[in-house]
4 protein chains.
Amino acid sequence: MNIKTTVEDPALVGRRRAQLTQAAIACFSERGYHPTTIRDVAERADVSIGLIYQYVGDKEDLLFMALQEVLDIYMRQIPMALEGVADPLGRFCTAVRAYCRVNGSSVDATVLAYRETKSLRAERRAAIMQKELDTNELIAACVRDCIAAQLFEEIDVDIFVYQIVMFCHAWALKAWHFAKAMDVDTYLERGLKLMLRGVLTGAGEKRMRRLEAERVVPVAPAAPARPRRVSRR
Amino acid sequence: MNIKTTVEDPALVGRRRAQLTQAAIACFSERGYHPTTIRDVAERADVSIGLIYQYVGDKEDLLFMALQEVLDIYMRQIPMALEGVADPLGRFCTAVRAYCRVNGSSVDATVLAYRETKSLRAERRAAIMQKELDTNELIAACVRDCIAAQLFEEIDVDIFVYQIVMFCHAWALKAWHFAKAMDVDTYLERGLKLMLRGVLTGAGEKRMRRLEAERVVPVAPAAPARPRRVSRR
Amino acid sequence: MNIKTTVEDPALVGRRRAQLTQAAIACFSERGYHPTTIRDVAERADVSIGLIYQYVGDKEDLLFMALQEVLDIYMRQIPMALEGVADPLGRFCTAVRAYCRVNGSSVDATVLAYRETKSLRAERRAAIMQKELDTNELIAACVRDCIAAQLFEEIDVDIFVYQIVMFCHAWALKAWHFAKAMDVDTYLERGLKLMLRGVLTGAGEKRMRRLEAERVVPVAPAAPARPRRVSRR
Amino acid sequence: MNIKTTVEDPALVGRRRAQLTQAAIACFSERGYHPTTIRDVAERADVSIGLIYQYVGDKEDLLFMALQEVLDIYMRQIPMALEGVADPLGRFCTAVRAYCRVNGSSVDATVLAYRETKSLRAERRAAIMQKELDTNELIAACVRDCIAAQLFEEIDVDIFVYQIVMFCHAWALKAWHFAKAMDVDTYLERGLKLMLRGVLTGAGEKRMRRLEAERVVPVAPAAPARPRRVSRR
DNA sequence: TATGAATGAGGTTTCATTCAT
DNA sequence: AATGAATGAAACCTCATTCAT
């Protein structure tokens with residue numbers, strides 16, 4: 001499952017792999033895994049074809065690296081966004097917002113994960129799926145905290161979390177539909193409102209209103225803070 | 001955009017294309033569009049390679065036909081399920097159930113649509129997307145009826161409909177996760193409950209309870225009505 | 001171990017394979033197995049590259065077919081030459097002459113067998129070796145008959161046969177040395193004389209002289225009769 | 001025809017080349033010249049890839065060095081074995097035994113020479129062939145001495161010498177056949193007996209019997225004297 | 001209308017060789 | 001003198017498409 005390399009310096013391997021991964025994400029997102037040629041990736045990464053095979057065993061390794069990176073972004077962004085947020089409901093909303101914005105800033109990458117995970121051999125596909133579950137767990141924890149704090153009703157956590165995740169992914173998957181009518185943040189707030197309505201307790205609603213009020217100011221500075229990145233070449 | 005054929009008898013063209021479409025859906029679902037060869041499809045359809053090119057211009061035509069058929073199933077099944085159902089809330093639930101069950105019985109086909117729509121050239125991709133919107137409209141109409149009947153709050157219809165659609169697709173897209181914990185119907189009822197909670201008015205809730213009570217018996221005969229089909233070889 | 005084909009008509013398969021085999025023998029003899037490209041073989045056989053892969057699984061199959069054909073020539077020529085020859089000593093000499101002349105007329109093919117048998121995977125290499133042993137057996141039988149008829153001493157048949165075989169192969173393997181000093185027939189008669197001297201009994205020598213006398217005339221017509229074949233393009 | 005180097009110290013060049021030659025013989029014997037990569041040789045010699053190109057112009061140089069070394073072994077071993085042997089017939093037998101044992105102890109190397117001499121460009125191939133002729137001359141001299149001493153009949157020296165050489169090579173080339181039935185020494189003595197029978201005069205036979213008698217004891221110490229070397233990694 | 005043999009462009013991968021360090 | 005990362009030409013093989021039968 002580990003990727004073959006003929007290069008000995010681990011730091012160099014890390015650097016080159018990151019470079020190749022970015023190129024792979026860009027190419028595969030653009031045209032899909034199969035239509036993309038190794039030459040495409042080499043050109044995008046501005047290296048020779050031969051170099052690729054010194055850091056990677058075969059083309060599928062590039063896909064695996066690309067998908068891992070795409071999923072890893074969530075695992076990096078969500079905890080980062082949660083730092084310093086204490087209130088359970090606040091944490092929940094923050095996590096969902098972070099999740100959705102990662103999607104918003106890397107639509108292609110999310111679509112890539114949906115399109116090409118199946119192009120991996122079983123063992124690796126399982127690793128990617130596990131990563132998705134790990135990410136979900138970040139949100140699930142927030143949900144459970146809200147339930148424990150009696151801000152949420154006693155709902156089915158697993159289904160609710162996937163409902164949220166699918167809602168976030170939908171922004172990317174149906175960008176062709178939504179992006180012409182609104183921006184991510186509008187989409188996010190409308191959806192959040194809809195989904196929360198079904199789960200908030202009375203106490204939850206009250207807490208929500210207070211959080212909304214507090215958010216009035218920080219909303220502006222918060223926006224630029226969000227880290228537009230990911231599927232950039 | 002129309003598909004090329006060298007055969008003159010339209011009935012024959014229809015029959016052969018249906019045959020090829022079924023084979024294409026099966027093959028593409030199994031291995032993906034690009035890895036599938038024309039030979040694979042020919043063997044699955046039990047015809048010669050040459051024959052395919054008498055009913056189809058190129059490989060992409062097969063994909064287009066396959067995806068059209070997958071989306072058409074919804075357009076056939078939902079209206080069929082709605083026949084004879086009058087109550088707005090009943091119609092809504094019926095539509096959602098039909099939608100979700102189509103997914104349940106053709107997981108591979110749904111996944112195929114997600115994976116390979118992008119493999120079509122722009123013009124055809126747009127046609128597929130339009131079909132998806134047309135299908136959504138079937139559900140949106142029910143939602144609007146419920147709002148008009150004051151059974152639903154004044155919610156954002158577009159987002160709510162997509163939330164439902166994504167919920168249904170999630171069963172197929174995340175089958176690797178859900179299918180080991182429950183069956184479609186359990187998934188459906190739990191999700192429906194969760195989503196309805198956020199939108200039902202007081203009147204809506206009352207109506208819902210009545211419908212639930214009535215459904216106790218019909219649940220059994222309802223089952224055989226659902227049309228297991230699609231991604232069969 | 002059997003060779004893959006996608007073509008259904010067995011007669012066609014036979015014809016095409018024969019054609020490819022001839023081309024392969026010519027190419028591999030000329031430049032060796034590895035330096036020869038599939039394109040070389042395709043051009044020599046005057047077919048497309050793709051066609052080759054409809055009759056053959058991979059490049060090694062071509063080598064296998066080529067080596068089999070080279071060895072098969074002995075199995076065809078020796079029995080043909082022996083037809084109608086009754087005297088044991090006469091049969092022995094005839095067999096050796098046939099063997100040596102096959103070598104003489106397909107020097108490249110013999111060298112090919114020495115160079116490239118090891119390029120086959122174990123299983124197939126074993127099949128080629130077995131074919132060599134089968135051919136040796138044709139000569140060994142003659143030797144045993146001579147011993148039984150008390151024309152040969154009670155010698156070590158296995159070593160003697162291989163001595164003869166190596167002597168014949170030597171004409172091909174050391175053509176760069178011998179061919180500038182004599183022709184096959186001279187080489188053959190001198191070597192035969194030398195080798196026979198060590199094994200003939202008194203009776204054997206007498207019989208030999210008689211056969212020599214009889215051969216005086218037929219020697220000329222015999223020569224044109226030899227069947228130049230094999231490594232022709 | 002001389003091999004390129006960028007290194008100035010001739011002693012170092014000699015040492016490194018010997019090291020590379022041993023590695024090359026080992027690798028090429030094992031897998032053949034073309035399938036062996038420079039990396040294989042570098043690893044076997046425990047040096048870097050770059051170093052090889054400081055002592056060698058290209059891959060073919062390695063093959064040339066390897067083949068030269070293989071042939072040189074004969075030129076070293078035969079004279080060494082002949083030292084102190086005076087009797088012409090004794091010298092002949094000693095030379096043949098030395099030749100055959102070199103084969104026996106480096107089967108792979110002999111096979112290598114047969115397989116890959118043709119992979120050299122013409123000029124170098126000629127040099128290798130000349131080396132073979134030089135070696136043959138060592139045996140030819142013994143044969144001529146035997147004839148002069150009237151121990152051998154007036155035979156065709158050239159053909160007889162090649163018959164012996166081929167017999168010795170056969171042990172290596174047909175090791176798959178002989179090695180399972182006997183050891184080199186058995187093979188050697190049986191073959192020698194067969195070949196001598198055809199060439200010994202009456203005086204030669206008598207002399208042979210005397211030598212045989214004398215050899216009874218020395219046979220044991222003779223064995224450890226033979227120089228197992230060559231195709232070792 | 002149906003077949004399937006034939007084509008050849010193009011993709012992935014290997015590896016001899018170079019050259020900056 | 002020694003290293004090994006980088007290069008890119010070239011090889012094998014696949015497969016969409018054509019076309020004679």
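Keep in mind that the numbers below use all heavy atoms, side chains included, and drop hydrogens, waters and symmetry copies. Throughout, a chain's letter reflects where its sequence line sits, starting with A, and its residues are numbered from 1.
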Participant: Grab the NZ-C1' distance between K4(A) and dT14(E) for me, whole Å please.
Facilitator: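 The answer, rounded to whole Å, is 10 Å.
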
Participant: Just the rounded figure in Å: distance from C1' of dG11(E) to NE2 of H34(B).
Facilitator: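 Checked: the NE2 to C1' distance equals 13 Å.
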
Participant: Could you pull out the closest heavy-atom pair between Q19(D) and A45(D), with the gap in Å?
Facilitator: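 Closest pair (atom of Q19(D), atom of A45(D), distance): NE2-O, 3.0 Å.
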
Participant: Using a 4.0 Å heavy-atom cut-off, does T36(C) contact any base of the nucleic acid, only the sugar-phosphate backbone, or nothing at all?
Facilitator: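 Sugar-phosphate: the residue T36(C), judged by heavy atoms under 4.0 Å, touches backbone atoms but no base.
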
Participant: What nucleotide, of dT7(E), dA16(F), dT1(E), holds the atom closest to the side chain of V47(C)?
Facilitator: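 Closest nucleotide to the V47(C) side chain: dT7(E).
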
Participant: Could you tell me the separation between the CG atom of D9(D) and the P atom of dA1(F), rounded to a whole number of Å?
Facilitator: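 Roughly 8 Å, once rounded to whole Å.
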
Participant: What is the separation between atom CZ on R39(C) and atom P on dG11(E), rounded to the nearest whole Å?
Facilitator: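 One finds 15 Å between P of dG11(E) and CZ of R39(C), rounded.
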
Participant: Roughly how many Å is it from CG in L63(D) to C1' in dA16(E), rounded to a whole number?
Facilitator: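 Rounding to the nearest Å, CG of L63(D) and C1' of dA16(E) are 15 Å apart.
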
Participant: Using purine N1 to pyrimidine N3 plus N6-O4 or O6-N4 for Watson-Crick, or N1-O2 and O6-N3 for G-U wobble, each under 3.5 Å, what pairs with dA11(F)?
Facilitator: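 dT12(E) is the nucleotide pairing with dA11(F).
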
Participant: Within 45° of the ring axis of Y33(D) and under 6.0 Å from its six-membered ring centre, is that where the NZ or CZ of K59(D) lies?
Facilitator: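 Cation-pi check for K59(D) and Y33(D): passes.
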
Participant: Any side-chain N or O of R16(A) under 4.0 Å from OP1/OP2 of dA6(F)?
Facilitator: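 Yes, within the criterion.
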
Participant: Find out whether K4(C) and Y53(C) are in side-chain contact, i.e. whether some heavy atom of one side chain is under 4.5 Å from a heavy atom of the other.
Facilitator: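 They are not in contact (no side-chain heavy atoms under 4.5 Å apart), so the answer is no.
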
Participant: Using the ring of Y114(C) (Phe, Tyr or Trp, six-membered ring only), decide whether K118(D) places NZ or CZ under 6.0 Å from its centre and within 45 degrees of its axis.
Facilitator: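 No, K118(D) does not sit over the ring of Y114(C).
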
Participant: Using a 4.0 Å heavy-atom cut-off across all strands, classify L51(B) as base, sugar-phosphate, or nothing.
Facilitator: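 Contact class for L51(B): base.
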
Participant: Go through dA2(F), dG4(E), dG4(F) for me and flag the one nearest to the Y55(D) side chain.
Facilitator: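 Selected nucleotide: dA2(F).
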
Participant: Do S29(B) and R115(B) have a side chain donor and acceptor closer than 3.5 Å?
Facilitator: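 No, no side-chain donor-acceptor pair sits under 3.5 Å.
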
Participant: Could you tell me whether the phosphate oxygens of dC13(F), OP1 or OP2, come under 4.0 Å of any side-chain nitrogen or oxygen in Y53(C)?
Facilitator: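 Result: yes.
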
Participant: Here's a test of your reading of the structure: between Y33(D) and S48(B), which maps to the more 5' nucleotide of DNA chain E?
Facilitator: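 The answer here is S48(B).
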
Participant: Using a heavy-atom cut-off of under 4.0 Å over every strand shown, decide if Q54(B) touches base, sugar-phosphate, or nothing.
Facilitator: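 Base contact.
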
Participant: Taking CD from E60(B) and C1' from dT17(F), how many angstroms apart are they, rounded to a whole number?
Facilitator: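 About 15 Å, once rounded to whole Å.
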
Participant: Atom NZ of K59(C) and atom P of dA11(F): how far apart are they, to the nearest Å?
Facilitator: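 Rounding to the nearest Å, NZ of K59(C) and P of dA11(F) are 9 Å apart.
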
Participant: Taking any strand in view, what nucleotide pairs with dT21(F) in a Watson-Crick or G-U wobble way, both distances under 3.5 Å?
Facilitator: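 Pair assignment: dT21(F) / dA2(E).
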
Participant: Looking only at the side chain of I49(A) (C-beta and beyond, no hydrogens), which of the listed nucleotides dT13(E), dA1(F), dC13(F) gets closest?
Facilitator: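 The nucleotide sitting nearest to the side chain is dT13(E).
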
Participant: What's the shortest heavy-atom distance between A24(B) and L62(B), and which atoms?
Facilitator: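 Minimum heavy-atom contact is CB-O, 4.1 Å.
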
Participant: Once you apply a heavy-atom cut-off of 4.0 Å, does D58(A) come out as touching a base, just sugar-phosphate, or nothing?
Facilitator: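 Result for D58(A) = sugar-phosphate.
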
Participant: Can you tell me how far P of dA2(F) sits from CD of E8(A), to the nearest Å?
Facilitator: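 Rounding to the nearest Å, CD of E8(A) and P of dA2(F) are 17 Å apart.
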
Participant: Of G50(A) and I38(A), whose nearest nucleotide on DNA chain E comes first from the 5' end?
Facilitator: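 Comparing both residues, the 5'-ward one is I38(A).
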
